[in-house]
There are 2 protein chains.
Amino acid sequence: MFQLHHLNNSRSQRIVWMLEAVGADYEIKVYRRDAKTNLAPPELKKIHPLGRAPVLIHNGKVIAESGAICDYIARQFPDSGMLPESNADSFNDVQFWSHYAEGSFMPSLVTSMVLEKAREKVSPFFIRYVADKIIDGVMDAYFGKNIEANLVFVEGHLADNKWFVGDIPTLADVQMSFGLEGLFDSGKLKPFKHMTTYVQQLRNLQSHRTAMAKMKEAEASF
Amino acid sequence: MFQLHHLNNSRSQRIVWMLEAVGADYEIKVYRRDAKTNLAPPELKKIHPLGRAPVLIHNGKVIAESGAICDYIARQFPDSGMLPESNADSFNDVQFWSHYAEGSFMPSLVTSMVLEKAREKVSPFFIRYVADKIIDGVMDAYFGKNIEANLVFVEGHLADNKWFVGDIPTLADVQMSFGLEGLFDSGKLKPFKHMTTYVQQLRNLQSHRTAMAKMKEAEASF
């Protein structure tokens, strides 16, 4: 039995999909973000000192960090196809996307989201003007360029590939799904045909549907 | 022969250490950041569509993303001790730190650095006041909290451990070194005894010294 410590509206939703996709026996322990600060509740610190989700517990082992959790689950289910044999080139490709998802793709997206939230909170007109100049300056010089480069890169890859690596979903897809689904839901994928098709295809998978249904059920009963 | 595409003052410096530590035969191809924008030069796009460093080339394979590069090198040198056997608990721990380094530790540090640079550029007094309010607000609500939690977490781990996993350096140390060395060099580790000792110990390793000397030589001859 795997126990997933899950935070609503967070990266742990993809671990629910991963557990469902490999056919694991699992339960979801739900935590709720603070309504005001949007931060994880302090109870999560009892599970792991970082106080973040997802955290997976299995056979007494406490596994944190999404990429490491996906890797751990994949190794428990070697026949799932989630992680190719380590001597295959496709293994290197899965490693690339798994590290890329959180190391390159997400950081600029998260920062952009936080800065946009900060911008919304600024109301007096003349201060708003200064805030816009500062936030736009930071986005133009750094994060915006990064986001654009990443979107072009991923779109180009999905133009030639149905799944991130090979012909079936792997943990590369699980890792990349969180950012892409978030972009899709906020309407930001509209100009990107291949990423849009990819998210629709992913959400049509039975394993993804079942995972999201179980997640919502667990969140509702909390 | 491994070929490392290296950008000055970047994450690729730790890959030089990794290559040196495992005893690889390697060459360093140097790229320089744009003096004005501090961004990587467009030539890097010819090596990998992301246009970022590090990129490793080996036997015709193009490997990007630091965590995936470290994993690839470690698998070429299984006797190096850089990556434990995959059935060991220490393997899970190495995976954790490798994903944590870029997925959790670095993003808030990078954002904080970018916001501080933006703050420095704001000069008129009354605009500076507004900029401080906005940047401090964003830091207080999100990135600052993250940095603090991460520093406390890593300091606590290094209080009980000489290296990140086990008794010898692993790729967990390689991955974590870039952020910790950056914090050390900017004076931000002064309140943290164990992280300070760790960086000093790391820089005393012969493999690290040789790697940094070779890197500087390659950068100087470019």
Side-chain angles (χ1 to χ4, degrees), chain A residues 37-39 45 48-52 61 63-72 75 86-87 89 91-104 106-108 110-111 114-115 117-119 121-122 126-127 129-131 133-135 137-138 141-143 145 149-150 152-153 156-157, chain B residues 37-39 45 48-52 61 63-72 75 86-87 89 91-104 106-108 110-111 114-115 117-119 121-122 126-127 129-131 133-135 137-138 141-143 145 149-150 152-153 156-157:
Chain A
T37 65
N38 208 34
L39 297 174
K45 285 217 174 76
H48 191 281
L50 276 174
R52 294 173 57 168
K61 293 187 182 77
I63 318 273
E65 206 67 36
S66 296
I69 293 173
C70 285
D71 180 84
Y72 179 83
R75 282 181 291 113
S86 67
N87 54 0
D89 281 349
F91 180 89
N92 301 328
D93 295 338
V94 168
Q95 290 288 339
F96 167 76
W97 289 108
S98 180
H99 283 280
Y100 169 80
E102 290 296 331
S104 292
M106 290 297 295
S108 291
V110 170
T111 300
V114 170
L115 291 178
K117 274 193 189 162
R119 192 204 295 266
K121 282 191 189 160
V122 177
F126 79 99
I127 293 183
Y129 176 79
V130 177
K133 291 279 277 186
I134 292 162
I135 293 171
V138 168
Y142 190 80
F143 299 108
K145 277 194 175 69
N150 282 313
V152 167
F153 172 62
H157 184 74
Chain B
T37 65
N38 208 34
L39 297 174
K45 286 218 173 78
H48 191 282
L50 275 174
R52 293 175 59 168
K61 293 186 181 78
I63 318 274
E65 206 66 33
S66 296
I69 293 173
C70 286
D71 181 83
Y72 179 83
R75 283 182 289 113
S86 69
N87 54 0
D89 281 349
F91 180 89
N92 301 328
D93 295 337
V94 168
Q95 291 288 340
F96 167 76
W97 289 108
S98 181
H99 283 280
Y100 168 80
E102 290 295 332
S104 293
M106 290 297 295
S108 291
V110 171
T111 299
V114 171
L115 291 178
K117 275 194 187 161
R119 192 203 295 266
K121 283 191 186 158
V122 176
F126 79 98
I127 293 183
Y129 175 80
V130 178
K133 291 280 277 185
I134 291 162
I135 293 171
V138 168
Y142 189 80
F143 299 108
K145 278 195 174 69
N150 281 311
V152 167
F153 172 62
H157 183 74

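All chains are named by letter (A, B, ...) in the order of the sequence lines, taking the proteins before the strands, and each is independently numbered beginning at 1. Keep in mind the model is a prediction, meaning the values are calculated, not measured.
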* Which answer fits I69(B), side chain, backbone, both or neither, if we ask what part of it has an atom under 4.5 Å from a heavy atom of chain A? -> neither
* Structure fact -> Cut-off 4.5 Å, heavy atoms of chain A, and the answer for S104(B) is both
* To do: Among R52(B), M106(B), H157(B), single out the residue with the greatest number of heavy-atom pairs under 4.5 Å to chain A.
  => R52(B)
* Give the minimum heavy-atom separation between A64(B) and F96(A), together with the two atoms involved. => O-CD1, 3.3 Å
* To do: Flag the one option from G51(A), S98(A), A149(A) with the top tally of heavy-atom pairs under 4.5 Å to chain B.
  => S98(A)
* **Ring geometry between H99(B) and H99(A) (parallel below 30°, tilted from 30 to 60°, perpendicular above 60°)** => parallel
* Asked: Most heavy-atom pairs under 4.5 angstrom with chain B, which of W97(A), Y72(A), Y100(A)?
  -> Y100(A)
* **Residue, of K45(A), R119(A), Q95(A), E102(A), that accumulates the most heavy atom pairs under 4.5 Å with chain B** => Q95(A)
* Structure fact -> Honestly, the part of S66(A) sitting under 4.5 Å from a heavy atom of chain B is neither
* **Inter-residue atom distance I63(A).CD1 - D89(B).CG, 0.5 Å rounding** => 7.5 Å
* Among the options N92(A), V138(A), I134(A), pick out the one with the most heavy-atom pairs lying under 4.5 Å from chain B. => N92(A)
* Region of K145(A) in contact with chain B, defined by heavy-atom distances below 4.5 Å -> side chain
* Could you go step by step and tell me if F91(B) and D71(A) meet the side chain to side chain contact (heavy atoms under 4.5 Å, CB included) rule? -> CA-CA 10 Å; F91(B) 180 89; D71(A) 180 84; 3.5 Å; yes
* Find the one option among G103(A), P107(A), G67(A) whose heavy-atom pairs under 4.5 Å with chain B are most numerous. => G67(A)
* Structure fact -> Assert top hit (heavy-atom pairs under 4.5 Å, partner chain A, pool K121(B), R75(B), K133(B)) equals R75(B)
* Among N38(A), V110(A), T111(A), which one satisfies side chain to side chain contact (heavy atoms under 4.5 Å, CB included) with Y142(B)? -> V110(A)
